[in-house]
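As structure tokens, the structure follows; a few thoughts come after it.
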Protein chains: 2
Amino acid sequence: MEQILPHLDSVFSIDCVLFGFDGKELKILLIERNEEPFKDWWALPGNIVGPDESLDQSASRILYELTGLRGIYMEQYYAFGDPHRHPQGRVITLAYYALIRLGGDKELRPISTYAKRANWLPITDLPKLAFDHQKIYDKGLEKIKRRIKHQPIAFELLPEKFTLTQLQHVYELVLGKKLDKRNFRKKIVSFGVLKELDEKQKGVSYRAATLYRFDKRKYAKLFGKEISF
Amino acid sequence: MEQILPHLDSVFSIDCVLFGFDGKELKILLIERNEEPFKDWWALPGNIVGPDESLDQSASRILYELTGLRGIYMEQYYAFGDPHRHPQGRVITLAYYALIRLGGDKELRPISTYAKRANWLPITDLPKLAFDHQKIYDKGLEKIKRRIKHQPIAFELLPEKFTLTQLQHVYELVLGKKLDKRNFRKKIVSFGVLKELDEKQKGVSYRAATLYRFDKRKYAKLFGKEISF
DNA sequence: TTACTTAGTGTAAAAAATACACACTATATT
DNA sequence: AATATAGTGTGTATTTTTTACACTAAGTAA
């Protein structure tokens with residue numbers, strides 16, 4: 001019913017679960033709150049949706065303000081709107097996740113005002129979270145677990161050039177289980193969306209692995225949108 | 001960012017894609033609008049979220065008000081919030097879908113005030129829809145296509161006792177393709193979540209088929225939540 | 001009794017998933 | 001130069017799953 005537009009107090013926010021991978025661990029970005037309620041608690045970064053922004057634009061802006069990153073794959077996945085989720089009033093929040101390759105060059109730009117600090121914390125050892133943010137995170141993880149099996153999102157967590165072992169590592173972390181090396185390589189290569197490069201890994205003290213690149217064009221041609229990793 | 005609660009004008013609504021199955025066709029419930037904007041257009045039924053309702057509660061209430069039905073499987077699947085999706089102001093809407101067995105006993109209760117009438121229309125022949133409702137519907141169909149492959153939602157569209165042919169028919173309609181009878185039966189029976197009854201179909205002018213029932217307990221024990229139809 | 005309509009059933013072939021172990025190669029160490 | 005170390009890279013056999021395919025059985029209607 002959309003023909004009446006009553007004047008209502010309702011606040012609409014976006015919270016982001018930013019998954020980051022540094023080559024070793026899967027982490028998420030959390031901020032330490034500097035204000036009540038939940039002062040000193042860790043929370044998911046988020047913000048209010050602006051009046052003239054689309055939801056996706058808003059999510060991108062928030063990510064940019066918090067990390068300085070642009071062009072990151074973000075996806076809306078659920079709305080949380082329990083009337084009592086925020087102690088001070090009704091706030092409906094939309095959850096987005098993003099996948100980010102950490103380390104290397106770029107540092108996070110200092111976080112905006114409302115937090116003491118921001119940190120990437122490993123998902124294996126998360127603190128208690130403010131509001132219903134644990135629930136939001138849980139659902140986000142569940143979502144990418146499902147999605148990584150059918151869509152090429154793993155590459156978003158890796159540098160442009162990566163080894164098959166690194167790729168397998170990402171799958172293992174997200175899915176939370178070990179995979180067989182030979183079967184994994186057989187399958188992933190058989191899709192034909194990886195381009196084997198003439199380059200090798202550098203700076204390792206053992207046999208250097210071959211580097212690969214995800215071939216977006218080929219992927220789009222072959223599958224449109226779907227695949228089964 | 002949830003510690004500040006500015007006074008903002010924003011309207012938050014829920015729109016429902018109600019899929020119904022009458023034994024023959026897959027339909028959705030549409031209302032014919034009686035007010036501007038989009039007067040005389042067909043639109044998805046929806047309403048404003050009340051100040052003290054959870055989102056799921058709100059969706060259930062809206063469904064009840066429109067159809068008189070309770071206890072229906074409903075699921076939130078996406079938020080639509082383009083700043084210009086509603087010509088008169090910012091309205092963010094949450095889309096829910098529901099699956100409903102039509103025909104038989106219950107009639108729809110008369111629709112509340114804001115519509116001229118409501119109708120179940122076959123999805124194969126939908127009119128132009130108001131607002132961005134075509135997009136909302138498209139995404140909803142996509143969603144149940146995906147979900148019917150992994151979760152036992154097909155049964156929501158069928159009476160409690162059903163034949164395997166009816167079940168196959170639902171899958172074919174949702175997925176939009178023909179399935180092989182023998183393979184379908186083999187697979188669906190092999191999951192062990194159907195209970196074969198001692199009853200047969202009645203009132204048909206040909207050999208009556210055996211009736212089955214979906215066994216929720218067994219399903220829960222076997223799979224928790226997942227399956228692959 | 002016959003015609004009609006849908007129910008119900010099995011098998012063989014192909015494809016996909018799984019389980020499993022060792023030799024190779026680059027570097028670092030002595 | 002020889003050796004230790006650590007991760008790379010590869011093949012095959014078995015099992016499971018998916019696919020393709022056509023006829024007989026049972027009940028109703030005329």
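Lettering of chains follows the sequences in order, A, B, ..., and the numbering in each one begins at 1. Only a predicted model underlies this, so the values are computations on that prediction, with no experimental measurement involved.
Remark: B:Y212 engages no residue in a side chain to side chain donor-acceptor pair (under 3.5 Å) (not counting sequence neighbours). B:R213 pairs by the side-chain contact (heavy atoms from CB on, under 4.5 Å) definition with B:E160, B:K161, B:L197, not counting sequence neighbours. For the side-chain contact (heavy atoms from CB on, under 4.5 Å) test, residues two or more places apart in sequence or in another chain that qualify with B:T124 are B:E25, B:P122. When the salt bridge (Lys or Arg N to Asp or Glu O under 4.0 Å) test is applied to A:E142, no partner is found at least two apart in sequence or on another chain. Residues meeting the side chain to side chain donor-acceptor pair (under 3.5 Å) test with B:K218, sequence neighbours left out: none. Every residue two or more places apart in sequence or in another chain that forms a side chain to side chain donor-acceptor pair (under 3.5 Å) with A:R146 is listed here: B:E226. Residues meeting the side-chain contact (heavy atoms from CB on, under 4.5 Å) test with B:A130, sequence neighbours left out: B:R33, B:F38, B:W41, B:A43. Remark: B:D56 engages B:Y96 in a side chain to side chain donor-acceptor pair (under 3.5 Å) (not counting sequence neighbours).
Aromatic pair B:Y78/B:F80: ring centres closer than 6.0 Å.
Whole-Å rounding puts the B:Q168 CD to C:dG8 P distance at 12 Å. When the C1' atom of C:dA17 is taken as reference, atom CZ of A:R185 falls 18 Å away, rounded to whole Å. Straight-line distance from the CG atom of B:L164 to the C1' atom of C:dT6: 13 Å, rounded to whole Å. Distance CD (B:Q166) to C1' (C:dT6): 12 Å, rounded to an integer number of Å. Atom-to-atom, CG of B:L211 to P of C:dA7 comes out at 11 Å; the value is rounded to the nearest Å.
Across all strands, B:T210 comes closer than 4.0 Å only to sugar-phosphate atoms, never to a base (heavy-atom distances). Counting non-hydrogen atoms under 4.0 angstrom, A:T165 reaches the backbone sugars and phosphates but no base. B:K187 comes within contact range of the sugar-phosphate backbone alone, with a heavy-atom separation under 4.0 Å but no base atom that close.
Using a 4.0 Å cutoff on non-hydrogen atoms, no part of residues 189-200 of chain B comes near DNA chain D.
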Per-nt protein contacts along nucleotides 22-30 of chain C (heavy atom under 4.0 Å; B base, S backbone sugar-phosphate only, - none) come out as --BBBSS--
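Using bins of under 30°, 30° to 60° and over 60° for the plane-to-plane angle, the ring pair B:F21/B:H169 lands in the perpendicular bin.
Pairs passing the ring-ring contact (aromatic ring centres under 6.0 Å, His included) check and including a residue from residues 186-211 of chain B, sequence neighbours excluded, read B:F191-B:F229.
Counting 5' to 3', DNA chain D first comes under 4.0 angstrom of a heavy atom of chain B and last does so at the ends given by D:dT18 to D:dA29.
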